[in-house]
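Excluded from the calculations below are hydrogen atoms, water molecules and symmetry mates; all remaining heavy atoms, backbone and side chain alike, are included.
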Amino acid sequence: QNELRAAQEELQALKRRVSRTAELQSQVKAEANTGKQQAAAQELDLRKRLETVDAKKGEDLKALKLQLVHEEEAVKKAQKDLQQATGEGSEQLKRAQEQGRAKL
């Protein structure tokens, strides 16, 4: 009977170890899943941040292009005005020279 009792105790101890091992495995799996979920959430957050940064860069680039277009238009207008003023100045100079010759 002592042998039977010892075997039963050993069997109970083995069952407890198996049960504890199963509990630990479940806990490890749960922690791994939590870690995976956190990693996925972090990745999603980083992707959203990157999209936001890319969108901001795109908006900034559009604004810079628009500013460049306005500046190019202003330069063209200034060149045109300068050409007109130069042309008018040349005409005035010619008239003054003609008047000067006429007086001579």
Side-chain angles (χ1 to χ4, degrees):
Q1 264 196 341
N2 284 342
E3 288 180 22
L4 180 58
R5 184 180 233 166
Q8 286 176 340
E9 286 177 8
E10 191 176 328
L11 179 61
Q12 291 300 322
L14 187 56
K15 284 182 181 180
R16 284 191 298 272
R17 279 189 258 154
V18 167
S19 176
R20 180 67 182 143
T21 301
E23 288 174 12
L24 289 173
Q25 284 177 335
S26 294
Q27 185 179 357
V28 167
K29 285 180 183 178
E31 288 174 3
N33 286 336
T34 300
K36 286 179 185 177
Q37 289 172 350
Q38 287 175 345
Q42 287 176 343
E43 182 180 358
L44 182 61
D45 182 52
L46 289 174
R47 285 179 192 251
K48 285 181 181 178
R49 287 185 191 180
L50 184 58
E51 288 173 3
T52 301
V53 167
D54 286 345
K56 179 81 171 101
K57 282 182 182 178
E59 290 172 8
D60 290 347
L61 187 58
K62 286 178 187 176
L64 287 173
K65 285 180 180 178
L66 185 60
Q67 182 181 354
L68 180 60
V69 167
H70 290 306
E71 288 176 2
E72 286 175 343
E73 290 173 355
V75 167
K76 287 178 183 177
K77 184 181 183 312
Q79 287 174 336
K80 184 179 176 184
D81 291 348
L82 180 61
Q83 286 175 345
Q84 284 180 336
T86 303
E88 290 173 5
S90 294
E91 288 297 318
Q92 288 176 356
L93 181 61
K94 284 180 186 178
R95 276 185 257 145
Q97 286 173 342
E98 289 172 7
Q99 288 175 357
R101 283 188 208 131
K103 288 182 181 179
L104 292 176

Review point. Would you call Arg47 and Glu43 a salt bridge, taking side-chain N to carboxylate O under 4.0 Å as the test?
Key: yes
Study note, to complete from the structure: CD of Gln42 to CD of Gln37, rounded to nearest 0.5 Å, is 12.5 Å
Exercise for review: May I ask you to check whether over 12 heavy atoms, not counting those of Gln97, lie within 6.0 Å of atom CD?
Suggested key: yes
Exercise for review: Enter the distance from Leu64:CG to Lys62:NZ here, rounded to the nearest 0.5 Å.
Suggested key: 12.5 Å
Check your understanding: Ignoring hydrogens and geometry, is there a side-chain-to-backbone donor-acceptor pair from Ser19 to Lys15 under 3.5 Å?
Key -> no
Check your understanding: What's the spacing between Asn33 CG and Gln38 CD if we round to 0.5 Å?
Key -> 11.5 Å
Point to revise | Cationic N near anionic O, under 4.0 Å, Glu73 to Lys76 | key: no
**Study point:** salt bridge (Lys or Arg N to Asp or Glu O under 4.0 Å) between Glu23 and Arg20, intermediate numbers included
**Key:** CA-CA 5 Å; Glu23 288 174 12; Arg20 180 67 182 143; 3.3 Å; yes
Review point. Which value, rounded to the nearest 0.5 Å, describes the distance between Asp81 atom CG and Thr86 atom OG1?
Key: 10.5 Å
Check your understanding: Would you say Gln1 and Arg5 make side-chain contact, with heavy atoms under 4.5 Å?
Key -> no
Exercise for review: Step by step, work out the side-chain contact (heavy atoms from CB on, under 4.5 Å) result for Glu88 and Glu91.
Suggested key: CA-CA 5 Å; Glu88 290 173 5; Glu91 288 297 318; 5.6 Å; no
Revision key, fill the gap. dist Lys77:NZ -> Lys80:NZ (nearest 0.5 Å) comes out at 8.0 Å
Study note, to complete from the structure: Value for CG (Leu66) from CG (Leu61), rounded to nearest 0.5 Å, stands at 11.5 Å
Exercise for review: I would like to know whether Val53 and Lys57 meet side-chain contact (heavy atoms from CB on, under 4.5 Å); could you show each step before the answer?
Suggested key: CA-CA 6 Å; Val53 167; Lys57 282 182 182 178; 3.9 Å; yes
Exercise for review: In sequence, state the C-alpha distance, the side-chain angles, and the governing distance for Gln27 and Leu24, and then conclude on side-chain contact (heavy atoms from CB on, under 4.5 Å).
Suggested key: CA-CA 5 Å; Gln27 185 179 357; Leu24 289 173; 3.9 Å; yes
**Study point:** Flag for Glu71-Gln67: side-chain donor and acceptor within less than 3.5 Å
**Key:** yes
